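To start, the structure itself, in structure tokens.
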Protein chains: 2
Amino acid sequence: MPGSEMSGSGNEELILDRLIHEPGRLAILTVLSSVKACDFVFLQRATRLTKGNLSSHLSKLEEAGLVEIEKTFVHKKPKTGVTLTAVGRERIAHHWDQLERLRNFSEESIQEPAQE
Amino acid sequence: MPGSEMSGSGNEELILDRLIHEPGRLAILTVLSSVKACDFVFLQRATRLTKGNLSSHLSKLEEAGLVEIEKTFVHKKPKTGVTLTAVGRERIAHHWDQLERLRNFSEESIQEPAQE
DNA sequence: ACGTATGGTTTGCGGCACAGACTAGTTTGG
DNA sequence: CCAAACTAGTCTGTGCCGCAAACCATACGT
């Protein structure tokens, strides 16, 4: 569980969630957030990930409660549907936020140590 | 906003350079790009990385030619100066670009495979 | 029945981030 | 003068995790 470490007065530092930051996952989540729902094969095409890779990423995202996986059969073939949960949607948005914050890093709390 | 045309063909996107994408390094590079030059201790304060961590990240960045390290002595104490190289500056800018592109991912080349 | 295609999971390996131990030198204090 | 303590940084071990190949299951063509 992400314990709240807010001992740092001033800059609430860039806690870039590795789970989300990981390129593969970032891609998955980004795709998901623009197409509400899709399936495994679509995701694979979209992200260019290998099956195995995609599969394990999806497992992690599911475990973390960021996506929901629903397995069904369509035309007698397995179909793995994936949807972003509310939490997931929030987390990814937050992540983009953090990134932007990092990018605009400037006036942020750090001063040149005046010693010298 | 640069009205950049994405040459519709195969989306070659998603080439998120792990070297740069890594949070620690992303932080370092971002700091560097806003303060042209600084030293080890400053970077450590700014990024909240541990010494060891920062040290190894810097080595990698140097190896990759993204930063330049210059060791001197100031007041008889070692001082490790760090500067972003031209390449580094370009690469980080490009990375932010890629991220933005990913974020705005939408109309991108992927269509629902119409076959069924 | 067999080969091939589709859809997905599990496994093993390799790379790498992380932080704590270590080095090197300097200042302080007794 | 010697020793603790502090500063500045590097090195090393460990564990996690991304990666894709191997594998499994089912469906379809002939």
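Letters A, B, ... mirror the listed sequences (proteins, then strands); counts begin at 1. Values in this document were obtained by computation on a predicted structure and should not be read as measured data.
- As a whole-Å value, the separation of Lys79(B) NZ from dT7(D) C1' is 14 Å.
- Remark on DNA chain C: of its neighbouring residues Gly81(A) and Lys77(B), the 5'-side contact belongs to Gly81(A), judged by nearest-heavy-atom nucleotide.
- Scanning DNA chain C 5' to 3' for nucleotides with an atom closer than 4.0 angstrom to a non-hydrogen atom of chain A gives a first and last hit of dT6(C) to dC18(C).
- You'll find the side chain of Trp96(B) reaches within 4.5 Å of the side chain of Leu102(A), heavy atoms only.
- At least one side-chain heavy atom of Leu99(A) sits less than 4.5 Å from a side-chain heavy atom of His95(A).
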**Request:** Sugar-phosphate means primed atoms, P, OP1 and OP2; the rest is base. With that split, encode nucleotides 11-21 of chain D 5' to 3' as B, S or - using protein heavy atoms under 4.0 Å.
**Result:** B-----SSSBB

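- Counting only residues at least two apart or in different chains, ring pair (Phe, Tyr, Trp, His ring centres under 6.0 Å) contacts with residues 43-70 of chain A are absent.
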**Request:** Tell me, with the steps shown, if Glu100(A) and Arg103(B) meet side chain to side chain contact (heavy atoms under 4.5 Å, CB included).
**Result:** CA-CA 11 Å; Glu100(A) 196 143 345; Arg103(B) 186 180 193 174; 2.8 Å; yes

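- Scanning both residues, Val87(A) and Gly65(A), for their nearest heavy atoms gives CB-O, 3.9 Å.
- Of all heavy-atom pairs spanning Lys36(B) and Thr83(B), the tightest one is O-CG2, 3.5 Å.
- Spacing between atom CD1 of Ile28(B) and atom P of dG9(D) amounts to 13 Å, rounded to whole angstrom units.
- Without hydrogens or angle criteria, Glu62(B) side chain to Glu68(B) main chain gives no donor-acceptor distance under 3.5 Å.
- Considering only side-chain N and O atoms, Lys71(B) lies under 4.0 angstrom from the phosphate OP1 or OP2 of dT10(D).
- With respect to Ile28(B), the side chain to side chain contact (heavy atoms under 4.5 Å, CB included) criterion is satisfied by exactly one of Thr30(B), Leu32(B), Leu26(B), Val31(B): Leu32(B).
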